[in-house]
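Shown next, in structure tokens, is the structure this report addresses.
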Amino acid sequence: TGSTQPQRMLEAVQKNATKGDPESVFSAIDYYCRHKEWAMNVGDEKGLILDSVLTEVNPSIALELGTYCGYSTVRIARLLSPGSKLITVEFNPAFAAVARQIIAYAGVQDKVTLVEGPSGDLIPKMKERFGIKSFDFVFLDHWKDRYVPDTKLLEDCGLLRKGTVLLADNVICPGAPEYLKYVRNSPRYESRYFKSNLEYSKVEDGLEKSVFLG
Ligand SMILES: O=c1[nH]cnc2c(O)c(F)c(-c3ccc(F)cc3)cc12
Ligand SMILES: [Mg+2]
């Protein structure tokens with residue numbers, strides 16, 4: 001039934017995953033997207049890089065820009081220590097509606113705050129709305145043309161601190177060339193590229209990890 005692709009992904013989760021088991025949720029999405037319908041989740045291959053960076057950073061407060069259906073939201077939230085929080089921002093209400101259900105099905109809803117709206121408007125409100133001093137980790141996975149403006153906004157709003165780790169998806173495909181230039185040429189970041197593949201495909205893509213130096 002599920003008329004939209006996100007709804008069909010939700011159905012695949014409800015049919016094939018175990019309620020309260022985050023790993024079974026994102027595995028069900030990976031299976032569906034690899035064998036039935038491609039979708040723009042970070043996926044299993046780049047997901048392993050995301051997992052390793054997250055385990056290294058062990059953030060108390062994390063930000064995700066671009067929730068989509070909640071695949072990486074669940075991947076991140078499952079690795080957070082007790083009491084740690086993830087704020088995820090989604091512009092598209094239809095995506096947000098499916099993401100809320102997938103996040104709840106995985107049982108990670110207590111660690112996650114999903115905020116609907118444009119990242120450019122929401123970032124300046126983060127401190128007052130959520131009582132955040134600064135983020136320990138930021139996953140950029142929304143729209144490539146927002147990577148640079150939103151990074152500058154995070155800097156200007158004092159939401160980054162010495163050691164904050166930014167991890168950006170799709171820096172090769174679809175590509176975020178201005179972002180790569182920005183973080184690689186700035187003395188305020190220490191950047192490293194993790195080569196991988198586009199989700200569910202053999203095309204190259206990768207994640208750029210950038211540590212804010214203050
Ligand atoms: O818009 C996006 N936002 C966030 N992540 C994306 C992604 O991981 C993609 F692979 C793609 C993508 C879409 C179509 C292609 F042909 C290739 C990549 C897009 C996004
Ligand atoms: Mg992506």
Side-chain angles (χ1 to χ4, degrees), residues 38-43 45-54 56-57 59 61-73 75-76 86-92 95-96 99 114-127 132 134-214:
W38 187 93
M40 60 177 175
N41 316 116
V42 73
E45 201 175 326
K46 288 185 286 178
L48 287 172
I49 300 167
L50 171 61
D51 289 356
S52 69
V53 172
L54 260 164
E56 174 204 345
V57 176
I61 178 72
L63 173 67
E64 175 180 60
L65 300 176
T67 316
Y68 184 40
C69 293
Y71 174 93
S72 47
T73 317
R75 263 202 105 110
I76 293 167
L86 170 63
I87 296 177
T88 183
V89 174
E90 179 51 56
F91 172 70
N92 180 313
F95 292 169
L114 197 164
V115 199
E116 284 181 49
S119 52
D121 298 356
L122 292 169
I123 286 169
K125 296 175 182 155
M126 286 286 165
K127 286 200 179 216
I132 286 152
S134 58
F135 289 109
D136 304 312
F137 175 84
V138 182
F139 183 47
L140 296 94
D141 191 24
H142 52 338
W143 182 237
K144 56 197 166 86
D145 296 348
R146 289 297 316 173
Y147 282 19
V148 173
D150 284 349
T151 298
K152 287 181 173 172
L153 206 46
L154 287 164
E155 289 170 19
D156 298 345
C157 296
L159 285 164
L160 305 182
R161 48 101 176 147
K162 196 186 291 291
T164 297
V165 171
L166 306 186
L167 191 65
D169 190 25
N170 309 116
V171 294
I172 302 300
C173 178
E178 298 80 10
Y179 178 75
L180 288 180
K181 263 204 301 283
Y182 182 70
V183 289
R184 290 175 176 175
N185 298 345
S186 164
R188 304 183 77 185
Y189 292 93
E190 183 58 46
S191 264
R192 179 185 159 191
Y193 174 61
F194 289 78
K195 182 174 159 61
S196 186
N197 293 300
L198 181 69
E199 47 265 39
Y200 321 116
S201 129
K202 290 189 169 65
V203 172
E204 181 183 344
D205 189 23
L207 301 170
E208 186 82 358
K209 177 191 172 192
S210 307
V211 183
F212 186 62
L213 303 173

Value rounded to 0.5 Å, distance of CE in Met40 from OH in Tyr71:
14.5 Å
When you compare the side chain of Arg161 with that of Asp136, does any pair of heavy atoms fall below 4.5 Å?
yes
Phe135 and Met126: which non-hydrogen atoms are nearest, and at how many Å?
CZ-SD, 4.0 Å
For a ring-ring contact (aromatic ring centres under 6.0 Å, His included) with His142, tell me which candidate from Phe91, Tyr179, Tyr147 qualifies.
Tyr147
For the atom pair CG (Asp150) and CG (Leu140), what is the distance rounded to the nearest 0.5 Å?
7.5 Å
Contact check, side chains of Phe212 and Arg188, non-hydrogen atoms, under 4.5 Å:
yes
So which heavy atom on Ile172 is nearest to which on Asp205, and how close?
N-OD1, 3.1 Å
Give a yes or no on whether the backbone of Glu199 and the side-chain of Trp38 come within a donor-acceptor separation of less than 3.5 Å.
yes
Reported OH-to-CG distance for the pair Tyr193 and Leu207, which is rounded to 0.5 angstrom
8.0 Å
Atom pair CD/CD of Glu64 and Glu90 - distance to nearest 0.5 Å:
9.0 Å
Interatomic distance, CG@Asp141 vs OG1@Thr67, rounded to 0.5 Å, equals 9.5 Å
The side-chain contact (heavy atoms from CB on, under 4.5 Å) partner of Glu208 among Asp169, Leu166, Val183 is Val183
Tell me the closest heavy-atom pair linking Glu204 and Asn197, and the distance in Å.
CA-OD1, 4.0 Å
Could you report the tightest heavy-atom contact between Asp51 and Arg75, atom names first, then the distance?
OD2-NH2, 2.7 Å
Measure the spacing between OG1 of Thr73 and CZ of Phe139 and express it to the nearest 0.5 Å.
9.0 Å
What's the shortest heavy-atom distance between Ser72 and Val42, and which atoms?
CB-CG1, 4.1 Å
Assess whether atom CZ of Arg192 is packed by more than 12 heavy atoms of other residues, nucleotides or ligands within 6.0 Å.
no
Looking at Cys157 and Pro124, what are the two nearest heavy atoms and their distance?
SG-CA, 3.8 Å
Candidate pair Leu63 and Leu154, rule side chain to side chain contact (heavy atoms under 4.5 Å, CB included), full reasoning:
CA-CA 11 Å; Leu63 173 67; Leu154 287 164; 3.9 Å; yes
Test item: Ile132 and Ile87 side chains (from C-beta on) under 4.5 Å apart, heavy atoms
yes
